[in-house]
There are 2 protein chains.
Amino acid sequence: MMRSVPIGEAARQSGVKVPTIRYYEHIGLLPAPKRSEGNRRHYETSDLRRLAFIRHSRELGFDIEAIRTLLTLQDNPSQPCATADTIAQARLADVVQRIRSLTALKAELELMVEGCRHGKVGECRVIEVLADHSQCEHARH
Amino acid sequence: MMRSVPIGEAARQSGVKVPTIRYYEHIGLLPAPKRSEGNRRHYETSDLRRLAFIRHSRELGFDIEAIRTLLTLQDNPSQPCATADTIAQARLADVVQRIRSLTALKAELELMVEGCRHGKVGECRVIEVLADHSQCEHARH
DNA sequence: GCTTGCTCCTCTAGTCGCTAGAGAATGTAG
DNA sequence: CTACATTCTCTAGCGACTAGAGGAGCAAGC
């Protein structure tokens, strides 16, 4: 079993890019790992787990501050998980809201694109709608 | 009829904030308007129309470069509108993709939140799922 | 005239979450 | 021993604003 891996291998295993790993260390999200004689970072399994946690959280759209809190919670398993739940619920509400507004946008854009007769700009529905918001009545944004 | 309005009024009418209007001027998206004796900007109706166009485009999620192109097209009504159509279609494709990925996220987050038994962090489904990506099998992200 | 309070001016720096690049050192394969 | 890859630190840039400092202009009330 390999005890620790250099940053490039950590990047490969976690799917987080090398400069991003260093960035996470810099902002204190990931603890500074031990260094080799030649001053290179070497990551233990626990670091890789933490990195995977961060990556998954980022994929789910949590911001750095939320992840910082979630990591602190993970480090203290005996605490109540209300905070974690609240953070996840807030993120869910945000996602739901975003889907709603993007769905309205989609309808708007479809109308624009369908309405385009592929002629001159002067008669182009795309430009026309952009210039006149009141032409989007059915979807408020 | 009022010939021209100061920046605050332009902001009110367009829904674009004052510093943002100045920013748009700075990056060359909005032409520099005439100034009063006391060096204040005064906007004509044509500027307000352009500002509305920009605002609506931003609401629909077009980036500044796309808007720059769209505005140039609007200024040249005799050109074919293929470019405008392409830009709108690209934006639509992007929106559709985003909705797809957010919908997957939503499912993931719902599972997490529903699974939380509101006990201790050590048994919290939210934290658990974040730590172990393989627990999200049904929705790839 | 004078003061109060609002609007406006320019300029710089900060936000978020990275990403890119310079320039140097270290490690590894042939 | 020589390539070449990987790593190091550090600074600057991205997009689209936003915030704040420090000062000037302007309209209304006294």
Side-chain angles (χ1 to χ4, degrees), chain A residues 2-30 32-43 47 50-51 53-71 87 90-91 94 98 101 105, chain B residues 2 4-30 32-43 47 50-51 53-71 87 90-91 94 98 101 105 141:
Chain A
M2 46 187 171
R3 277 229 120 313
S4 66
V5 295
I7 197 167
E9 183 55 28
R12 238 161 281 131
Q13 284 185 31
S14 65
V16 178
K17 289 181 195 155
V18 169
T20 306
I21 295 176
R22 286 196 278 247
Y23 169 72
Y24 288 158
E25 179 183 329
H26 181 69
I27 62 170
L29 202 60
L30 198 64
K34 283 175 194 145
R35 302 286 185 119
S36 74
E37 278 200 11
N39 198 34
R40 273 120 193 265
R41 292 170 178 84
H42 278 273
Y43 294 93
D47 297 315
R50 204 170 175 93
L51 208 41
F53 186 103
I54 295 170
R55 194 206 166 183
H56 194 197
S57 302
R58 286 295 298 134
E59 277 175 358
L60 291 170
F62 292 99
D63 62 26
I64 301 286
E65 276 323 295
I67 297 173
R68 212 185 281 280
T69 306
L70 291 167
L71 281 168
I87 290 174
R91 178 68 194 134
D94 184 41
R98 255 163 222 269
S101 102
L105 283 199
Chain B
M2 44 184 174
S4 66
V5 296
I7 197 167
E9 184 56 27
R12 239 161 279 131
Q13 284 184 31
S14 66
V16 179
K17 290 181 196 156
V18 169
T20 306
I21 296 177
R22 287 197 277 247
Y23 169 71
Y24 286 159
E25 179 182 328
H26 181 69
I27 62 170
L29 203 60
L30 198 63
K34 284 174 194 147
R35 300 288 183 120
S36 74
E37 277 200 11
N39 197 33
R40 272 120 192 267
R41 292 171 179 83
H42 278 273
Y43 294 93
D47 298 315
R50 204 170 176 90
L51 208 43
F53 186 103
I54 295 169
R55 193 204 168 184
H56 194 196
S57 303
R58 285 297 297 135
E59 278 175 357
L60 291 170
F62 292 100
D63 63 26
I64 300 286
E65 276 323 296
I67 297 173
R68 213 184 280 279
T69 306
L70 291 167
L71 281 168
I87 291 174
R91 177 68 193 135
D94 185 40
R98 254 163 223 269
S101 103
L105 283 198
H141 54 253

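Here is how names work: the chains are called A, B, and so on, in the same order as the sequence lines, proteins then strands, and each is numbered from 1.
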Checklist entry - What's the CZ-C1' distance between B:R12 and C:dC8, to the nearest Å? => result 12 Å
Next on the checklist: Base, sugar-phosphate or nothing for A:R22? Non-hydrogen atoms, less than 4.0 Å.
Outcome noted: base
Checklist entry - Within less than 4.0 Å of OP1 or OP2 of D:dT9, is there a side-chain N or O belonging to A:R35? => result yes
Checklist entry - Once you round it to whole Å, what is the distance between C1' of C:dC8 and CD of B:E37? => result 16 Å
Next on the checklist: Can you see if the side chain of B:K17 gets near the phosphate of D:dT18 - specifically, an N or O under 4.0 Å from OP1 or OP2?
Outcome noted: yes
Next on the checklist: If you only use heavy atoms from C-beta on, which nucleotide in C:dC9, D:dC17, D:dT7 is closest to the side chain of A:R40?
Outcome noted: D:dT7
Checklist entry - Does OP1 or OP2 of C:dC9 have a side-chain N or O of B:R41 closer than 4.0 Å? => result yes
Checklist entry - So which nucleotide from D:dT6, C:dT19, D:dA16 ends up closest to the side chain of A:T20? => result C:dT19
Checklist entry - Do A:R41 and A:R35 come close enough that some side-chain heavy atom pair is under 4.5 Å? => result yes
Item to check | Pair B:D94 + B:R91, salt bridge at N-O below 4.0 Å | outcome: yes
Item to check | Nearest to side-chain heavy atoms of A:P6, which nucleotide of D:dT7, C:dC8, D:dA16 | outcome: D:dT7
Checklist entry - Between A:Y24 and C:dC18, does any side-chain N or O lie under 4.0 Å from OP1 or OP2? => result yes
Next on the checklist: Measure CG/A:D63 against C1'/C:dT15 and give the value in whole Å, please.
Outcome noted: 12 Å
Checklist entry - Picking from C:dC8, D:dT7, D:dT18, which would you name as closest to the side chain of B:P19? => result D:dT18
Next on the checklist: Categorize A:F62 for me: base, sugar-phosphate, or nothing, with a 4.0 angstrom heavy-atom threshold over every strand shown.
Outcome noted: nothing
